[in-house]
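For reference, the structure is listed below as structure tokens.
Below, all heavy atoms of this structure are taken into account, side chains as well, without hydrogens, waters or symmetry copies. Every chain is numbered from 1 and lettered A, B, ... according to where its sequence line falls, protein lines coming before strand lines. Small disclaimer: the values here were computed from a predicted structure and weren't measured.
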2 protein chains.
Amino acid sequence: MIKSNRTEQTIQQIKVSVDCIIFGFNDNKLELLLIKKKDEPEKGKWSLIGGFVGFDEDLDEAANRILSDLSGLQDIYMEQIKTFGKVNRCSFDRVISSTYSAMILKSSYTEDQIEKYNAQWFPITEVPELIFDHNDMVDIAIKRMRRRVRNFPIAFNLLPSKFTLPQLQALYEGILDETLDKRNFRRKVSQMNYLVKLEEKDMTESRRGAFLYRFDEAWYKKEKHFNL
Amino acid sequence: MIKSNRTEQTIQQIKVSVDCIIFGFNDNKLELLLIKKKDEPEKGKWSLIGGFVGFDEDLDEAANRILSDLSGLQDIYMEQIKTFGKVNRCSFDRVISSTYSAMILKSSYTEDQIEKYNAQWFPITEVPELIFDHNDMVDIAIKRMRRRVRNFPIAFNLLPSKFTLPQLQALYEGILDETLDKRNFRRKVSQMNYLVKLEEKDMTESRRGAFLYRFDEAWYKKEKHFNL
DNA sequence: GACATTTAGCTTTTAATAAACAATAACAAA
DNA sequence: TTTGTTATTGTTTATTAAAAGCTAAATGTC
């Protein structure tokens, strides 16, 4: 089936959108931020945070603008995952959509904002049926994230800037959905010098208290070796 | 900078294209298929094989159609790499472009076709200046391919269906641009049962001759473990 | 038949990485 | 001071990957 010599007209009708897959962490579980659509189309259904790309904005910029518009979240670093382009992926229009993913500290997204934007967090084991091919997008993003989280320090956005090692381990166990050996985990951490042990302790979660750590990004850029 | 409430009009002007990064292998070097543009825009410059996505074709389909239209290559399996969406990536129009990559047997692309389509193979160390952001696309595709080639049997498309182990090793050395130990390489190969040793020998490249092998795809799908 | 060349197979050593595993220290509360 | 709870720390073993040495087989050329 040869389909050359297309007219400008047909070409121009394709719309370009971005969908954002936002991960959070709560109660030792990985969660996903979804919104319930207030307007047509697909009003009342759950959806990723998405929107059309403007003519005069970069694709990356559009992802950030859309995230900001629809959730109030600003200056979130997002990575492009994949572009979905099936003809009928959206029932009423021809739209190709690039997915972007980010991890955020849940507390940076307040209850007020959740209400305002009609959003809700879902544990990734309980993601409802989403519009279009958004469930596929989520599946792919989760797989990719689980692969990357072991070799790149992307998960620290899910924690406060100061965190304890038990917290960090619980985070990894929650993300990967498997238990990790405490001593092996800590040994790996101690090999990464950019995970800096502070003098302070966090006394809120145990009697003894656990030392706080922080992730030193500038330092990491020199070493560039991460493995958990 | 808030950019909400876009009109349909501005949205519709974004065009969607696909660019194909086609790898070949020759003279123990990894090569890239490029075309010299016959028409404006950018006439006479080197470019990836690219074109606009039709309104009624999937993005994946478009990649194959465009590759076929502009090179005569058909039914090539391509993987999506990344979508490029900077506003000014193409100087005269707003185009976002998804890149796709494939590896092909150079001999399946004849001299006739090369001439007909104004194409040329370039060693990846000698890629000329390309239009737009195509050089960036190539860089990213090469990095990704070098990562994937060790864990997935994607490189066999660069060889005839029957090949010798010295050929296979030379291929990997060429792709990765490093020398590999013969004995360790062969040991790994012998662990992958879906690399089937045939009775035949190839006598063209050495006195003794080397046994031919083939990659059994169905068998691979059962084992799904690849490491070279 | 001796020789050169390349393929082929087998083995050992070493290094690197990952996995398994148990006792002690610090603290608050009772 | 005892008790309960969580944080912290090292050693050993197993597995895997890399490096290297050696032998031998097959073939065409001399």
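A:Phe211 places its CZ atom 18 Å from the P atom of D:dT6, with the value rounded to the nearest Å. Atom pair B:Asp202:CG and C:dA8:C1' shows a separation of 15 Å (rounding to whole Å applied). Here D:dT16 presents its P atom at 18 Å from CZ of B:Arg150, a figure rounded to the nearest Å. Counting to the nearest Å, the P atom of D:dA19 and the CD atom of B:Glu178 are 9 Å from each other. The interatomic distance linking A:Gln169 (CD) with D:dT8 (C1') rounds to 12 Å, in whole Å. The distance between atom CG of B:Leu212 and atom P of C:dT6, rounded to the nearest whole Å, is 18 Å. For the pair B:Arg186 CZ and D:dA18 P, the computed distance is 18 Å after rounding to whole Å. For the pair A:Arg187 CZ and D:dG10 P, the computed distance is 11 Å after rounding to whole Å.
Residue B:Arg207 has no polar side-chain atom (N or O) positioned under 4.0 Å from OP1 or OP2 of D:dA26. In this structure, A:Lys182 does not reach the C:dA23 phosphate: none of its side-chain N or O atoms is under 4.0 Å from OP1 or OP2. Proximity of B:Lys188 to the phosphate of D:dA18: a side-chain N or O atom is located under 4.0 Å from OP1 or OP2.
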Exercise. What's the verdict on ring-ring contact (aromatic ring centres under 6.0 Å, His included) for B:Phe156 and B:Phe163, showing C-alpha distance, side-chain angles and the deciding distance?
Worked result: CA-CA 9 Å; B:Phe156 294 96; B:Phe163 51 87; 5.5 Å; yes
For this session: Begin from the C-alpha positions of A:Leu59 and B:Lys86 and carry the test side chain to side chain contact (heavy atoms under 4.5 Å, CB included) through to its verdict.
Result: CA-CA 6 Å; A:Leu59 189 60; B:Lys86 284 235 177 290; over 6 Å; no
For this session: Run the numbers on B:Thr164 and B:Asp202 for side-chain hydrogen bond (donor to acceptor under 3.5 Å, both in side chains), then give the verdict.
Result: CA-CA 7 Å; B:Thr164 67; B:Asp202 169 52; 5.0 Å; no
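Between the side chain of B:Asn184 and the base of D:dA19, a donor-acceptor pair under 3.5 Å is found. Residue side chain A:Arg208 reaches the base of C:dA25 through a donor-acceptor N/O pair under 3.5 Å, judged by distance alone.
Residue-to-nucleotide proximity on DNA chain D shows that, of A:Gly209 and B:Gly209, the 5′-proximal contact is made by A:Gly209. When the nearest nucleotides of DNA chain C are assigned to A:Ser206 and B:Lys197 by heavy-atom distance, the more 5′-ward of the two goes with B:Lys197. Closest-nucleotide positions on DNA chain C for A:Asp181 and A:Met203 were compared, and the one nearer the 5' end corresponds to A:Asp181.
Under a cutoff of 6.0 Å and an axis angle of 45°, A:Lys222 and A:Tyr220 do not form a cation-pi pair.
Residue contacts for A:Lys201: at a heavy-atom cut-off of 4.0 Å it reaches the sugar-phosphate backbone alone, with no base atom in range.
Pairs of residues two or more places apart, or lying in two chains, never qualify as side chain to side chain donor-acceptor pair (under 3.5 Å) while including a residue from residues 117-126 of chain A.
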